[in-house]
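Here the structure is a predicted model, which is why all the values come from computation and not from measurement.
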Amino acid sequence: MRDKLKDFFAVQFEEELIEEIIETGELKFYREGELMMDVGDQINFVPFLLRGVFKILSEDETGGEIAMYFLERGDTCACAFINSLHNPQKSRIRAIAEIDSEVILVSLKNFDEWMVKYKSFRHYVIESYSIRLREMIDAIDTLAFMKMDERLLKYLHDRAQVLRDTMLNITHQEIAYDLNTSRVVVSRLLKQLENLGKIKLNRNRIEVLDL
DNA sequence: ACATTAAGTGATT
DNA sequence: AATCACTTAATGT
């Protein structure tokens, strides 16, 4: 745990802070597909991602979903910050492990203390928050301005990038859920992209060619 | 061989 | 771009 922490966070964190994190943080392992938090959950911790990828999505009243962005190693969850500033609040988002992942869960109480006590921590949090905000804006104009075919290609690229693999094991239906559209539409657009030579299609698998 | 699940397609709105 | 209704293909038992 100490090594992993140092790998991704220690460059910026003081020794003393690292020790505190190790002492009080809870190391947790999430298997692929496992939920870290769901819409409506009471959140009383802030996660720091040591290894793996989480998909963050929002849900509407009727169960429709929209994938917003991915969390990678070294990231932390912006939505959890909000919970740390106010009193424990309900989660607006769902976080699912895309691959086997490891996180350190830090209690809100410690999080609060460290914000005051450590400059490095404060900076990390603010920096991380602003990165997340930019991603959010990016997600909004993807939704507002891009057509489905562009959104689909962006989705495939993003995914290939965070998973560091151009071979994506995913079904058309799953993509449809993430983009909040129908499977038929995804199938058709994927076929188009294949004809354009941008991807290669197989059952349960999509290879991204033009990265 | 049969059932199940994933993907492809034409027609309609 | 969504939906329906149907076909075809791949995969599991």
Whole-Å distance between [N] [atom2] and [X] [atom1]?
X: A:L152; N: C:dA1; atom1: CG; atom2: P; result: 10 Å
X: A:I170; N: B:dA7; atom1: CD1; atom2: C1'; result: 14 Å
X: A:L193; N: B:dA7; atom1: CG; atom2: C1'; result: 15 Å
X: A:I199; N: B:dG8; atom1: CD1; atom2: C1'; result: 14 Å
X: A:N204; N: B:dG8; atom1: CG; atom2: P; result: 11 Å
X: A:R188; N: C:dT3; atom1: CZ; atom2: C1'; result: 10 Å
X: A:I206; N: B:dA7; atom1: CD1; atom2: P; result: 8 Å
X: A:I175; N: C:dA1; atom1: CD1; atom2: C1'; result: 17 Å

Notebook entry, point to check: Among pairs that include at least one residue of residues 178-187 of chain A, which meet salt bridge (charged side-chain N to carboxylate O under 4.0 Å, His left out), considering only residues two or more places apart or in two chains?
Noted result: A:K55-A:D178
Note to self: Side-chain N or O of A:S187 versus OP1/OP2 of B:dA6: is the shortest distance under 4.0 Å?
What the structure shows: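 For B:dA6, neither OP1 nor OP2 has a side-chain N or O of A:S187 closer than 4.0 Å.
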Margin query: Strictly below 4.0 Å: does A:H172 bring a side-chain N or O up to OP1 or OP2 of B:dT5?
Written below: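 No, A:H172 has no side-chain N/O under 4.0 Å of OP1/OP2 on B:dT5.
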Checklist line | First encountered from the 5' end of DNA chain C, between A:R183 and A:L189 | finding: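 Nearer the 5' end of the strand: A:L189.
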Margin query: Taking the minimum atom-to-atom distance to the side chain of A:V184, which one of B:dA7, B:dG10, C:dA2 wins?
Written below: B:dG10
Notebook entry, point to check: Considering only B:dG10, B:dA7, C:dA2, which nucleotide approaches the side chain of A:T181 most closely?
Noted result: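 Nearest to the side chain of A:T181 among the choices is C:dA2.
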Notebook entry, point to check: Is any N or O donor-acceptor pair between the side chain of A:R203 and the base of B:dT5 shorter than 3.5 Å?
Noted result: yes
Next item on the list: Assign the ring pair A:F13 / A:F121 to parallel, tilted or perpendicular, where the plane angle (0 to 90°) is split at 30° and 60°.
Entry: tilted
Check: Is the shortest distance from a Lys or Arg side-chain nitrogen in A:E102 or A:K28 to a carboxylate oxygen in the other one below 4.0 Å?
Finding: no
Next item on the list: Would you check, one step at a time, whether the test salt bridge (charged side-chain N to carboxylate O under 4.0 Å, His left out) holds for A:R164 with A:E72?
Entry: CA-CA 11 Å; A:R164 284 163 184 83; A:E72 298 178 78; 3.4 Å; yes
Notebook entry, point to check: Between A:R122 and A:V125, does a side-chain contact (heavy atoms from CB on, under 4.5 Å) hold up when you go through it step by step?
Noted result: CA-CA 5 Å; A:R122 196 160 56 243; A:V125 168; 5.9 Å; no
Margin query: What contact category does A:S182 fall into here, base, sugar-phosphate, or nothing, at under 4.0 angstrom with non-hydrogen atoms?
Written below: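 Counting heavy atoms under 4.0 Å across all strands, the contact made by A:S182 includes a base.
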